[in-house]
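The chains referred to below are lettered A, B, ... by the order of the sequence lines, with proteins before strands, and numbering in each begins at 1. All values below were derived from every heavy atom in this structure, side-chain atoms included, with hydrogens, water molecules and symmetry-related copies excluded.
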There are 2 protein chains.
Amino acid sequence: MPPAIFIVDDDPSVRKSLERLLRASGYKTQAFASAEDFLACRPCQNPKEPACLVLDVRMPGISGINLQQELVKAGVILPIVFISGHGNIPMSVQAMKNGAVDFLPKPFAEEELLAAVEQALTKAARLQKETVEKAEIRRRVKTLTPREYEVFRWVITGMLNKEIAAELKVTEKTIKVHRARVMQKMKAASIADLVRLAEKIGIRSPLR
Amino acid sequence: MPPAIFIVDDDPSVRKSLERLLRASGYKTQAFASAEDFLACRPCQNPKEPACLVLDVRMPGISGINLQQELVKAGVILPIVFISGHGNIPMSVQAMKNGAVDFLPKPFAEEELLAAVEQALTKAARLQKETVEKAEIRRRVKTLTPREYEVFRWVITGMLNKEIAAELKVTEKTIKVHRARVMQKMKAASIADLVRLAEKIGIRSPLR
DNA sequence: AAAGGTATTGGACCAAGGTCCAATTTACAA
DNA sequence: TTGTAAATTGGACCTTGGTCCAATACCTTT
C-alpha cells in the first residue's frame, strides 16, 4: 500500500492537477473540497500508513490554518504542506510554528511540492513509529496496580529496595515482589530497559 | 545582569528605536549595523546569560538569513527574532525552518516584538541549560579510558557482568573493575543514573 | 457468602554486584 | 630507559537482587 496524500483545496482545477502530479509520482491521493469534508473523513485522521496533507490556506469556511490547529489539538499525526495563492508572511509563520513541513506560495515548481511531500512522509513515518512505541509502553503501564506503579517510580530513581521499603513503610520483601511484577508486566529485561521505557513516556520519579 | 538583546539592522533609525524600546522594557541592548559587525563580536556569540538576536532580513553584505545559517552551523545558542521591511513568504519559511522564534514584517506592534523577544529569551535559557548539562556529561565521558568507555556502552544495555566479560573475552572480575571506575568517573550513583546520562548525550549501545 | 484481585510478609537460597586488598603486563611518553 | 597510565586478574568478603515456595489480610464485586 503506497503512502497516501490527502489534498484539501476548494479549487477543483487545483485538486485535479495536484492529484495528477502526485499520482504520477506514485502516491495514492484523496482530495477534498473543504476542511469540513476532510474532518468528516474519520479514517483519514488515523491512517495506518504514513500519510500527509497538502492543504490550501485560504478556503471558504474553515481555513487551512484553522484546520491545522484543529488537527494539532486533536493529536492527529499528519504532517502538512501548505500551498497558498494569497498567503502572507504572518500566515506562513503561524503555519510553521504549528509544525507545518513547508509553505509554498503559488505558483511553485512541481519539484518543490514533491520534495516537501517526501519530507512530510518521512516525518509522518517517524512520528507514527514513536507514537506506536509510546502507546505500547502506556498500555503496559496501565496493567500495573497502583502500588506497582508507585514502586515503579521509585525503582527508576536507582534507590535500593531497602530504601524504597523505608520510604513506603513496608518491608524490603514487599518491594521485591512488586518490583518483580513491574519488570514482568513492563517486559523489561533489566533496570536499564525499565529506565528507558520510563524516559520515553516521561514518567517522573517521586523525587524533586 | 539583565538579559542581553543583540540588534542587527543596517538602518540607524531602526536600530535607535529598537534600542529605545527594548531598553525601556528593561533589557540590555547592543546594536550592530551589519552581520559582519556582529560576527566580529566573538563574546556576543557565546553569552553567559540568556540572550537573543533581533535581526533584519535584508541587509547589504551578509543577509539576515545567511547570518542565521552561519550561527546555526556554528552551534551558537542565540534564538532569533526576524524583522523585515521587504520580506517574502519563502524567506520567512526558511527562517522558521532554521529555528527562528518569529518573523515580524514591518510595521509591527511594539507588543508583538516584546512578546517574541520574551519567548526567545525563554528558549535561550532552556537551550543554555541543556547545553551546559550535556557539556558536563561529555566532559566526564572524556575522562574515561577507551576500555572503560567500551564497558560503559555494554553496561547500559543491561547485560550481566559475566555476559559482557564473555563478549569482550576477559574475566568478569575485569568488568567489575572497569564498571566501578565508570560509575565513579561519571558520578553516577546507580545504573538508572548512568542510563539517563547516556541517553542525554545519545550514547548508543554496541548492540544494533 | 464466596470469589478474585491487591497488598503484604516470611523463609530459604542462589546469583549478581560492589568493595577492599594486591599484583602483573603492556604500551607509550618523558 | 624509566615512569606512568591502562588493562588485566585474583582472593576474600559482604550486600543486594531475584526466585521459589507459601501465607494472611483487605476490599470489591458477583
Footprint string (nucleotides 23-30 of chain C, 5' to 3'): B base within contact, S backbone only, - free, heavy atoms under 4.0 Å: --------
Partners meeting ring-ring contact (aromatic ring centres under 6.0 Å, His included) with A/Phe6 (sequence neighbours left out): A/Phe38
In a table with atom names and distances, give each donor-acceptor pair under 3.5 Å that connects a side chain of residues 109-123 of chain A to protein atoms at least two apart or in another chain.
unit_1, atom_1, unit_2, atom_2, d
A/Glu112, OE1, A/Ala109, N, 3.1
A/Glu118, OE1, A/Tyr27, OH, 2.4
A/Thr122, OG1, A/Glu118, O, 3.0
A/Lys123, NZ, A/Gly99, O, 3.0

Among all residues two or more places apart in sequence or in another chain, which pass the side-chain contact (heavy atoms from CB on, under 4.5 Å) test with A/Gln184? none
Which parts of residues 152-172 of chain B get close to DNA chain C, meaning a heavy atom less than 4.0 angstrom away? B/Leu160, B/Asn161, B/Lys162, B/Glu172
How sharply is the helix from C/dA1-D/dT30 to C/dA30-D/dT1 bent, taking the axes over five pairs at either end and rounding to 10 degrees? 40°
Using only side-chain N and O atoms of A/Thr145, determine if any of them is under 4.0 Å from OP1 or OP2 of C/dA7. yes
For A/Asp11 and A/Met59, what are the C-alpha separation, side-chain angles and deciding distance, and is it a side-chain contact (heavy atoms from CB on, under 4.5 Å)? CA-CA 9 Å; A/Asp11 184 335; A/Met59 293 181 293; over 6 Å; no
Taking atom P of D/dA6 as reference, at what distance in whole Å does atom OH of B/Tyr149 sit? 17 Å
Can you sort out the partners of B/Glu70 under side-chain contact (heavy atoms from CB on, under 4.5 Å), two or more places apart, ordered by chain and number? B/Lys73
Throw together a table of side-chain donor-acceptor distances under 3.5 angstrom for residues 187-200 of chain A, partners on residues two or more places apart or in other chains.
unit_1, atom_1, unit_2, atom_2, d
A/Ser190, OG, A/Asp193, N, 3.3
A/Asp193, OD2, A/Ala189, N, 3.3
A/Arg196, NH1, B/Ile156, O, 3.1
A/Arg196, NH2, B/Ile156, O, 2.4

I'd like to know whether CZ of B/Arg181 has more than 12 heavy-atom contacts from other residues, nucleotides or ligands below 6.0 angstrom. no
For the OG1 atom of A/Thr29 and the CG atom of A/Leu18, what is their distance to the nearest 0.5 Å? 9.0 Å
In whole angstrom, what separates B/Glu148's CD from D/dT8's P? 10 Å
Side-chain donor/acceptor of B/Gln69 to backbone N/O of B/Asn98, under 3.5 Å: no
Under-4.0 Å salt bridge between B/Glu136 and B/Arg140: yes
Rounded to whole Å, please give me the gap between CE in A/Met183 and P in D/dG18. 6 Å
Could you tell me whether the phosphate oxygens of C/dT9, OP1 or OP2, come under 4.0 Å of any side-chain nitrogen or oxygen in A/Thr174? yes
Is the distance from OP1 or OP2 of C/dT8 to the nearest side-chain N or O of A/His178 less than 4.0 Å? yes
Sequence-distant partners of B/Lys97, salt bridge (charged side-chain N to carboxylate O under 4.0 Å, His left out), two or more places apart: A/Asp102
Between P of C/dG5 and CG of A/Leu144, the distance in whole Å: 16 Å
Non-neighbouring partners of A/Lys173 that pass salt bridge (charged side-chain N to carboxylate O under 4.0 Å, His left out), sequence neighbours left out: none
Could you go over nucleotides 19-22 of chain D and give all protein N or O partners under 3.5 Å, atom names and distances?
unit_1, atom_1, unit_2, atom_2, d
D/dT19, O4, A/Lys173, NZ, 3.1
D/dC20, N4, A/Lys173, NZ, 3.2

Calculate the interatomic distance between A/Leu194 atom CG and D/dG18 atom C1'; express it in whole Å. 15 Å
Whole-Å distance separating the CZ atom of A/Arg181 from the C1' atom of C/dT8: 11 Å
Please collect all ring-ring contact (aromatic ring centres under 6.0 Å, His included) contacts where either partner lies in residues 41-77 of chain B, sequence neighbours excluded, each pair once. none
After noting the C-alpha distance and the side-chain angles of B/Leu71 and B/Gln68, does the key distance pass the side-chain contact (heavy atoms from CB on, under 4.5 Å) rule? CA-CA 5 Å; B/Leu71 293 177; B/Gln68 178 189 33; 5.8 Å; no
Length of the CZ-C1' vector between A/Arg179 and C/dA16, whole Å: 13 Å
